[in-house]
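Worksheet: the structure to be examined is printed underneath.
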Amino acid sequence: MGTVIHHHTPLIRSTVLSRHVGSDVLLKMESMQPTGSFKARGIGNLCQFEVHAGATELVASSGGNAGLAVAYSARLLKVAATIVVPEETGERARSLIAAEGASVVVHGASWQEAHFYAQTLLGPTSAYIHPFDHPLIWEGHATLIEEVAETGVKPDQIILSVGGGGLFCGVCLGCDRVGWGDVPIVAVETLGAESFHLALEVGNLVSLPHITSIATTLGVKTVAAQTLRYGKERSVESVLVSDRDAVTACLRFADDHRTIVEPACGAALVPVYQSHKNLVSNGTILVVVCGGSASTYKSLQDYLT
Ligand code: PLV
């Protein structure tokens with residue numbers, strides 16, 4: 001058996017949110033993974049594969065949470081890790097990564113610059129761990145849908161947030177595996193990080209000039225090619241929300257569910273808190289509470305003042 005890196009997470013029916021929208025709102029609590037986000041699933045899977053293939057060092061680039069999952073995996077798998085984060089990644093995320101025993105390197109304005117730089121640090125026995133663009137990452141993330149399906153519930157709609165789309169690809173793959181290929185997905189991004197929205201609009205991959213959203217872990221200038229492919233093939237509604245609304249959703253969620261998440265995750269809660277016009281009524285809505293470790297209650301409050 002391999003090393004246990006991700007956990008089976010709770011699936012909670014939210015009374016508050018269900019009453020609010022008039023549908024059953026089910027929360028897949030990925031915020032309860034050991035490093036606070038869904039990343040443990042797919043990133044853990046890729047790290048495990050690389051170490052079994054002989055890697056003695058894992059090198060990654062990340063907005064924060066993927067890097068934290070690499071650092072955590074590396075510690076469990078007993079290999080070294082170097083994580084390159086951009087300048088916009090805050091002190092809290094950096095210190096959480098360092099606390100797992102990884103080296104933290106700060107480079108570039110956004111994740112894309114960190115990504116190019118990280119690849120120059122690879123030694124002969126290092127493996128590069130991308131934060132979202134790898135089939136083994138999608139395989140790992142797909143397990144969250146398999147866990148929901150095991151409960152016997154089939155949702156009428158799935159809401160999640162999109163950065164580069166690793167989570168989205170994993171959810172699409174998981175849906176295919178459990179026979180949910182027809183379940184529509186609401187894909188949420190913040191304004192200033194809307195690389196998926198624009199790609200869907202023009203039908204091609206686009207590159208944002210800058211990331212201006214505070215949801216820096218959604219701050220990917222170009223989504224993965226597979227993200228766009230799935231986006232074209234399936235029933236996907238792309239929704240854009242403001243940073244302010246994402247933070248407000250985080251604070252309401254903290255009060256309603258005693259859980260602190262990043263704005264990157266709060267974004268996926270906005271359509272629910274704002275009773276978005278296209279939410280299914282009298283049905284079942286699955287929200288992927290993807291989590292994120294960089295925020296504190298105070299940092300969320302400070303943003304609004
Ligand atoms: N964050 C990536 C990319 O950052 C990272 O390196 O951590 N929600 C949270 C809390 C996240 O951390 C991320 C990804 C996402 C959502 C979006 O996931 P994706 O990239 O798989 O769509 C720049």
Side-chain angles (χ1 to χ4, degrees), residues 28-33 35-43 46 60-72 83-90 92-94 96-97 104 108-115 118 128-135 137-142 144 159-173 185 187-190 192-197 199 208 211 213-224 226-228 230-231 236 238 241 246 249-250 253 259-269 287-295:
K28 185 62 173 157
M29 297 297 285
E30 290 304 295
S31 50
M32 296 191 74
Q33 292 290 353
T35 59
S37 82
F38 69 98
K39 298 279 183 182
R41 295 182 186 269
I43 297 290
L46 179 56
S61 61
S62 173
N65 295 306
L68 183 53
V70 174
Y72 177 80
I83 316 295
V84 185
V85 297
E87 285 142 18
E88 65 185 10
T89 296
R92 181 176 154 85
R94 294 181 199 180
L96 288 170
I97 295 168
V104 180
S110 78
W111 167 76
Q112 217 94 12
E113 292 79 37
H115 162 64
Y128 182 59
I129 308 293
H130 194 286
F132 56 84
D133 195 0
H134 195 291
I137 295 179
W138 311 329
E139 295 246 349
H141 294 340
L144 83 87
I159 311 182
L160 47 69
S161 48
V162 174
L167 175 61
F168 171 75
C169 290
V171 164
C172 290
L173 179 65
I185 297 179
V188 189
E189 292 168 289
T190 47
E194 68 272 40
S195 43
F196 187 37
H197 186 82
L208 298 176
I211 300 299
S213 170
I214 58 139
T216 50
T217 48
L218 299 185
V220 171
K221 291 179 184 169
T222 309
V223 297
Q226 184 62 32
T227 306
L228 179 60
Y230 274 132
V236 174
S238 163
V241 303
C250 290
F253 190 69
T259 297
I260 293 164
V261 297
E262 283 184 24
C265 173
L269 295 163
V287 182
V288 182
V289 181
C290 55
S293 289
S295 297

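All residue numbers in this chain count up from 1 along the given sequence. Just the heavy atoms: all of them, side chains too, but no hydrogens, waters or symmetry mates, feed the values below. When a ligand or atom number is given, it counts from 1 through the structure's own listing order.
Note on ring orientation: taking the six-membered ring where Trp is involved, the planes of Phe132 and Trp111 are tilted (angle from 30° to 60°).
A 4.5 Å side-chain heavy-atom check between Ile211 and Gln112 finds every atom pair outside the cut-off. Residues Leu269 and Val287 have side chains in contact (heavy-atom distance under 4.5 Å, counting atoms from C-beta outward). Gln226 places none of its side-chain heavy atoms less than 4.5 Å from the side chain of Phe168. The shortest distance between side-chain heavy atoms of Thr227 and Cys169 falls below 4.5 Å. Using a 4.5 Å cut-off on side-chain heavy atoms (C-beta onward), Ser161 and Cys290 make contact.
Summary of contacts: the protein heavy atom closest to atom 17 (C) of ligand 1 is Gly163 N, 3.5 Å. Closest protein heavy atom to atom 18 (O) of ligand 1: Phe38 CZ, 3.5 Å. Annotation: atom 20 (O) of ligand 1 to nearest protein heavy atom, Gly164 N, 2.9 Å. Summary of contacts: the protein heavy atom closest to atom 8 (N) of ligand 1 is Cys290 SG, 3.2 Å. Of the protein's heavy atoms, Thr217 O, 3.0 Å lies nearest to atom 1 (N) of ligand 1. Here the heavy atom of the protein found nearest to atom 12 (O) of ligand 1 is Asn65 ND2, 2.8 Å. The shortest contact between atom 14 (C) of ligand 1 and any protein heavy atom is with Lys39 NZ, 2.9 Å.
Of the N or O atoms in Gly219, none lie within a sub-3.5 Å distance of an N or O in ligand 1. Geometrically, ligand 1 and Leu167 share a nitrogen or oxygen pair separated by less than 3.5 Å. The distance criterion of under 3.5 Å between nitrogen or oxygen atoms is met by Gly63 with respect to ligand 1.
Between Leu218 and Glu189 the shortest heavy-atom distance is CD1-CA, 4.4 Å. When every heavy atom of Val220 is checked against every heavy atom of Gly164, the shortest pair comes out as CG2-N, 3.7 Å. The heavy-atom pair separating Pro131 from Ile137 by the smallest distance is C-CD1, 4.0 Å. Contact detail for Lys39 and Ala69: the closest heavy-atom pair is CB-CB, 3.7 Å. Counting all heavy atoms, side chain and backbone alike, Thr89 lies closest to Arg94 at O-NE, 2.9 Å.
Of all atoms in ligand 1, numbered sequentially from 1 with element shown, those under 4.0 Å from a heavy atom of Thr216 are 23 (C). In the vicinity of Val162, heavy-atom distances shorter than 4.0 Å reach the ligand 1 atoms 22 (O). Every atom of ligand 1 with a heavy atom of Gly291 under 4.0 Å away is listed here by number and element: 10 (C). If you number the atoms of ligand 1 from 1 as listed, the ones under 4.0 Å from a heavy atom of Gly292 come out as 10 (C). Numbered from 1 in the order shown, with element, the atoms of ligand 1 that lie under 4.0 Å from a heavy atom of Ser62 read 5 (C), 6 (O), 7 (O). Per-residue contacts place Trp111 under 4.0 angstrom from the following atoms of ligand 1 (heavy atoms of the residue considered): 23 (C). Less than 4.0 angstrom separates some heavy atom of Gly166 from each of these atoms of ligand 1: 19 (P), 21 (O), 22 (O). If you number the atoms of ligand 1 from 1 as listed, the ones under 4.0 Å from a heavy atom of Ala66 come out as 5 (C), 6 (O), 7 (O).
Contact between Gly64 and ligand 1 is present, with at least one heavy atom of the residue lying under 4.0 Å from the ligand. The shell of residues lying under 4.0 angstrom from ligand 1, judged by heavy atoms, excludes Ile137. Every heavy atom of Gly67 sits 4.0 Å or more from the atoms of ligand 1.
Side chain of His115 to main chain of Ser61: no donor-acceptor pair is present (N/O by atom type, distance under 3.5 Å, no hydrogens or angles).
Nearest to atom 19 (P) of ligand 1 by heavy atom, out of Ala267, Ser31, Ser37, Gly165, is Gly165.
Counting heavy atoms closer than 4.0 Å to ligand 1, residue Pro131 contributes side-chain atoms (C-beta onward) but none from N, CA, C or O. Counting heavy atoms closer than 4.0 Å to ligand 1, residue His141 contributes nothing at all. Contact annotation: for Leu218 versus ligand 1, heavy atoms closer than 4.0 Å belong to the side chain alone. Within the 4.0 Å heavy-atom criterion, neither part of Phe168 lies near ligand 1.
For Glu262, the side chain to side chain donor-acceptor pair (under 3.5 Å) criterion is met by Asn65, Thr217, not counting sequence neighbours. Every side chain to side chain donor-acceptor pair (under 3.5 Å) that Ser213 has, sequence neighbours left out, goes to Thr190, Asp243.
From Glu30, atom CD reaches atom CG of Leu160 across 11.5 Å, with rounding to the nearest 0.5 Å.
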